[in-house]
Amino acid sequence: MEYFEKTIKTERKYTGNIINVEKLTVLLPNGKEATRDVVRHPGAAVVIPVKDNGNILLVKQYRKPCDMISLEIPAGKLDKGEDPVVCAERELAEETGYHARKLQKVMTIHSAPGFSDEVLHMYVATGLTKCEACPDDDEFITCGEYPLSDCVYMVDNGEITDAKTIIGIFLADRIIRGEYKSS
Ligand SMILES: [Mg+2]
């Protein structure tokens with residue numbers, strides 16, 4: 001079975017500050033043509049900050065696309081050519097005001113492969129020490145500290161709906177139970 005789709009035409013439909021949108025014409029394995037709408041994204045680093053007492057740091061912010069307040073693990077998009085671990089360190093400090101002695105890569109996530117190439121590089125941050133929080137000018141963020149059991153409860157009852165955060169919380173739960181072995 002051949003699955004590859006060869007791109008035969010690319011049309012830029014929108015150029016944005018964070019994302020670009022392309023309409024691709026592709027050649028299917030059966031020789032027919034089809035179109036694919038693709039959101040191009042620079043990728044992001046995502047951090048699960050676990051304090052020495054086992055609590056998780058989450059940030060609360062307004063998410064305009066969904067018009068809701070969302071409780072999430074810290075994250076931010078990569079600058080051009082930036083090493084994801086450098087981005088993770090920066091976003092953690094900016095959004096939570098904590099510095100991590102250890103950042104361990106745990107997972108790579110394709111957040112929406114049906115329509116976007118966005119990749120999330122996920123890290124667990126431990127050995128956290130306080131520094132100065134300095135969110136971007138357009139970010140209004142409150143950082144809070146939550147017991148892991150509360151985080152799991154908020155996923156179960158639908159208070160937390162952000163996908164990367166749900167993954168991060170379940171992963172932290174496995175790590176703390178000793179069920180997670182990194183490869
Ligand atoms: Mg952010």
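In this chain, residues are counted from 1 in sequence order.
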Is there any salt bridge (Lys or Arg N to Asp or Glu O under 4.0 Å) pair reaching into residues 91-101, and which pairs are they, with sequence neighbours excluded? Arg90-Glu94
With sequence neighbours left out, what residues match Lys32 under salt bridge (Lys or Arg N to Asp or Glu O under 4.0 Å)? none
May I have all residue pairs that pass salt bridge (Lys or Arg N to Asp or Glu O under 4.0 Å) and include part of residues 38-58, sequence neighbours excluded? Glu22-Arg40, Arg40-Asp117, Lys51-Glu145
Can you list everything that forms a side chain to side chain donor-acceptor pair (under 3.5 Å) with Glu159? Sequence neighbours excluded, please. Asn157
To the closest 0.5 Å, what do you measure between CD1 (Ile109) and CD1 (Ile167)? 4.0 Å
What pairs with Glu72 under salt bridge (Lys or Arg N to Asp or Glu O under 4.0 Å), at least two apart in sequence or on another chain? Arg63, Lys164
Salt bridge (Lys or Arg N to Asp or Glu O under 4.0 Å) contacts touching residues 118-131 (sequence neighbours left out): none
Val59: hydrophobic cluster co-members (side-chain, 4.5 Å): Ile141
When rounded to the nearest 0.5 angstrom, what distance separates CD1 in Ile56 from CD1 in Ile73? 9.0 Å
Who clusters with Leu28? Use side-chain heavy atoms, under 4.5 angstrom, across I, L, V, M, F, W and Y, and order the result by chain and number. Leu24, Val26, Val38
If I take atom CD1 from residue Ile166 and atom OG1 from residue Thr161, how far apart are they, to the nearest 0.5 angstrom? 6.5 Å
Using the test side chain to side chain donor-acceptor pair (under 3.5 Å), find all partners of Tyr153 that sit at least two apart in sequence or belong to another chain. none
For Ile69, look at atom CD1 and say whether over 12 heavy atoms of other residues, nucleotides or ligands are found less than 6.0 Å away. no
Partner residues of His99 under the side chain to side chain donor-acceptor pair (under 3.5 Å) criterion, sequence neighbours left out: Glu89
Taking the side chain as every heavy atom from C-beta outward, state whether Leu92 and Tyr123 have any atom pair closer than 4.5 Å. no
Around Phe115, counting heavy atoms of other residues, nucleotides and ligands shown, do more than 12 lie under 6.0 Å from its CZ? no
Other hydrophobic cluster members with Met68, side-chain heavy atoms of Ile/Leu/Val/Met/Phe/Trp/Tyr under 4.5 Å, chained? none
Applying side chain to side chain donor-acceptor pair (under 3.5 Å), can you list everything that pairs with Arg174, at least two apart in sequence or on another chain? none
